[in-house]
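Working notes, beginning with the structure itself.
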Protein chains: 2
Amino acid sequence: METITENEKVRVAKKIKKMFGHIDQRTAEYCPIRDVMALASDKWSILIVLYLGYYPILRFNELKKKVYGISNKVLSEKLKFLEADGYLSRTLYPEVPIRVEYELTDFGHSYLQKLLDLTEWVTQYSDIILANRKKSGKSTTKVF
Amino acid sequence: METITENEKVRVAKKIKKMFGHIDQRTAEYCPIRDVMALASDKWSILIVLYLGYYPILRFNELKKKVYGISNKVLSEKLKFLEADGYLSRTLYPEVPIRVEYELTDFGHSYLQKLLDLTEWVTQYSDIILANRKKSGKSTTKVF
DNA sequence: TTATATAAGTAACTTTTTGTAACTTACTCT
DNA sequence: AGAGTAAGTTACAAAAAGTTACTTATATAA
C-alpha cells in the first residue's frame, strides 16, 4: 500500500470540501451520500452491478443464483431501486413462463467503472484487513 | 457522462473476472465484497471516513455533530469496526471528562482516496439520478 | 459538603429493515 | 385435468438501527 504524503492529504481535503459544498451545514435539504449513494453502495447492489458488468444480460433467477444468498424479496427491491435511479434497464417478454431481462444502462456502466476501482482496491487489501481484524481482540487504542 | 464503448465494457468484464477469481463459484469461503467492503461502504462509514479526511482529528461528539443524524450507538459500533479493520486509530486521554480522538490511519487515507473518486462521481451525477427517480413513477420497463 | 457539569460511551427498549417460506399468475405440455 | 415454470408478492420471524435514559470519574460551583 502506497503511503500518502501530507500534500496528498491536503489535496484530498480540498476535494472533499469542494464535493460537500455544504460541509458542516446542518440544514442541507439533501445529501448525495445519504440519499443517492447509500442506495447503490450496499453489498447487494454492488454485487448486482458487478455481475451485470460481467454477464451483460441476466434474468431474475439467474441473478439470484449469481448473487448467492440474496432473497427474492430483497433482489426484487434492489432491482426496482437500481432501475428507478437509472443504473439498469428491465425488459419484459410476456411469454409463458414470463421472461424478464436485466441489463446495465450506459449510466450503470459508467457507475460500474468507478465502483470497480474501489472494489479492486478492497479485494486487493482484504487479506490485510482481515489480518487487522483478527489481531484486534486486544484493542488497538492508544492511551496517553 | 462519458459514453462507454464496447471495448471498455470488455475490459471491465475482464477486470471483474480477475477480481473475482471465484466468480460463479458458490463455495467461496469468503467474499471480499460481503465480508470486507460491506463494512466500510455503508452510508455512515462513508461519512465518518470523509469527515475524518477533511478534519484530520475528531473527538466522538465532534464526529457525532459532523455526521449529523447518527446515533451514539451506531457511531460507536461503526467506529469499532473501522478501528478493528485498520481504517482509523483511537487515542484515549484519561482526563476528566474523558477525551478520545479518532484519526485516519495511512491505510484509511489510502481507502479514502479510492472512496473519494466514487463519491465525487455520485455527487456529480446525483441530480441526474434524482431526476430519473422522479420520472419513474411510470415504470421504465420495456415490453416486447 | 453535597450538587452540577462534562465526554464518551453503554443498556434497555421500540421501530425499521432484512430475511424466510409459502403462495400467485398465466399460460403450456403431458 | 394436473404438473411445471419464471418472476415475482405476501405474511411472518429475525436482525439491525434508532431512541432515551443511564454510567463513570472527577473538577468546580453552591
Side-chain angles (χ1 to χ4, degrees), chain A residues 31 33-35 37-48 51-52 55 57-84 88-103 136 139-144, chain B residues 31 33-35 37-48 51-52 55 57-84 88-103 136 139-144:
Chain A
C31 162
I33 307 297
R34 290 157 216 257
D35 302 332
M37 185 163 171
L39 278 88
S41 76
D42 65 288
K43 90 180 159 186
W44 295 130
S45 300
I46 292 173
L47 288 166
I48 291 167
Y51 277 106
L52 284 175
Y55 304 98
I57 293 177
L58 286 171
R59 299 171 64 170
F60 187 89
N61 280 325
E62 290 174 334
L63 260 169
K64 204 187 148 184
K65 274 182 207 112
K66 303 298 181 199
V67 185
Y68 57 91
I70 198 168
S71 66
N72 283 8
K73 187 193 166 207
V74 172
L75 178 54
S76 165
E77 284 169 1
K78 297 293 174 191
L79 288 171
K80 268 180 201 150
F81 283 123
L82 292 172
E83 187 195 358
L88 53 83
S89 71
R90 178 178 186 272
T91 308
L92 172 69
Y93 300 86
E95 308 163 355
V96 172
I98 200 174
R99 178 157 61 101
V100 177
E101 292 184 345
Y102 293 92
E103 188 173 5
S136 89
S139 162
T140 58
T141 295
K142 293 175 286 296
V143 182
F144 279 92
Chain B
C31 162
I33 306 297
R34 290 157 216 256
D35 301 333
M37 185 164 172
L39 278 89
S41 77
D42 65 288
K43 93 182 156 182
W44 294 131
S45 300
I46 292 172
L47 288 167
I48 291 167
Y51 277 107
L52 283 174
Y55 303 98
I57 293 177
L58 285 172
R59 299 170 64 172
F60 186 89
N61 280 324
E62 289 174 336
L63 260 169
K64 205 187 147 183
K65 273 181 207 115
K66 304 298 181 199
V67 185
Y68 58 91
I70 199 169
S71 66
N72 284 9
K73 186 192 166 206
V74 172
L75 178 55
S76 164
E77 284 169 3
K78 297 295 175 190
L79 288 172
K80 268 180 200 149
F81 283 123
L82 293 172
E83 187 195 357
L88 53 82
S89 70
R90 178 177 185 272
T91 307
L92 171 70
Y93 299 86
E95 308 163 353
V96 172
I98 200 172
R99 179 157 61 100
V100 177
E101 292 185 346
Y102 293 91
E103 189 173 4
S136 88
S139 162
T140 58
T141 294
K142 293 175 287 294
V143 181
F144 278 93

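To find a chain, count down the sequence lines: A is the first, B the second, and so on, and within it residues start at 1.
As rounded to whole Å, 14 Å separates atom P of D/dA7 from atom CD of A/E83. Look at CG on B/L75: it is 14 Å from P on D/dT19, rounded to the nearest Å. Between B/E95 atom CD and C/dG9 atom P there is a gap of 13 Å when expressed in whole angstrom units. For the pair B/I98 CD1 and D/dA27 P, the computed distance is 14 Å after rounding to whole Å. Computed from coordinates, the B/F81 CZ to D/dA17 C1' distance equals 13 Å when rounded to whole Å. Rounding to whole angstrom units, NZ of residue A/K43 and P of D/dA15 are separated by 13 Å. With rounding to whole Å, B/F60 atom CZ is found 6 Å from C/dG9 atom P. Computed from coordinates, the B/I70 CD1 to D/dG18 P distance equals 7 Å when rounded to whole Å.
Proximity note for B/K78 (side chain, C-beta onward) versus D/dT9, D/dA21, D/dA17: the nearest is D/dA17. Listed candidates were C/dA8, D/dA7, C/dG9. Nearest to the side chain of A/R90 is D/dA7. Comparing C/dG9, D/dA6, C/dA8 against the side chain of A/N61 picks out D/dA6 as the nearest. Side-chain proximity of A/K73 to D/dT19, C/dG19, C/dA8: nearest is C/dG19. The listed nucleotides are C/dC27, D/dA17, D/dT9; the one nearest the side chain of A/K80 is D/dT9.
Scanning both residues, A/A40 and A/L82, for their nearest heavy atoms gives CB-CD2, 4.4 Å.
Both B/K64 and B/P97 sit near DNA chain D, but only B/K64 has its closest nucleotide nearer the 5' end. When the nearest nucleotides of DNA chain D are assigned to A/E101 and B/V74 by heavy-atom distance, the more 5′-ward of the two goes with A/E101. Heavy-atom distances to DNA chain C give each of A/N72 and A/V96 a nearest nucleotide, and the one nearer the 5′ end belongs to A/N72. Nearest-nucleotide mapping onto DNA chain C: of B/R99 and A/E77, the residue sitting toward the 5' end is B/R99.
In this pair, A/F144 and B/Y93 present their aromatic rings parallel. The plane angle is below 30°, not in the 30 to 60° band.
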> Step by step, would you call B/Y55 with B/E62 a side chain to side chain contact (heavy atoms under 4.5 Å, CB included)?
Replying inline: CA-CA 10 Å; B/Y55 303 98; B/E62 289 174 336; over 6 Å; no
> Going through the distances and angles, do A/E83 and B/T141 end up as a side chain to side chain donor-acceptor pair (under 3.5 Å)?
Replying inline: CA-CA 8 Å; A/E83 187 195 358; B/T141 294; 3.1 Å; yes
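Using a 4.0 Å heavy-atom criterion, one finds that B/Y93 contacts no nucleic acid atom at all. Across all strands, A/S71 comes closer than 4.0 Å to base atoms (heavy-atom distances).
Phosphate contact (OP1/OP2 of D/dG18, side-chain N/O of B/W44, threshold under 4.0 Å): present. An OP1 or OP2 oxygen of D/dA6 is reached within less than 4.0 angstrom by no side-chain nitrogen or oxygen of A/R59. Between B/S76 and C/dT10, a side-chain N or O to OP1/OP2 separation shorter than 4.0 Å is present. Using a 4.0 Å cut-off, no side-chain N or O of A/Y102 falls inside it from OP1 or OP2 of D/dA6.
The cationic atom of B/R34 (NZ for Lys, CZ for Arg) lies less than 6.0 Å from the six-membered ring centre of A/Y68 and within 45° of the ring axis.
Annotation: side chain of A/L75 is not in contact with side chain of A/V67 (no heavy-atom distance under 4.5 Å).
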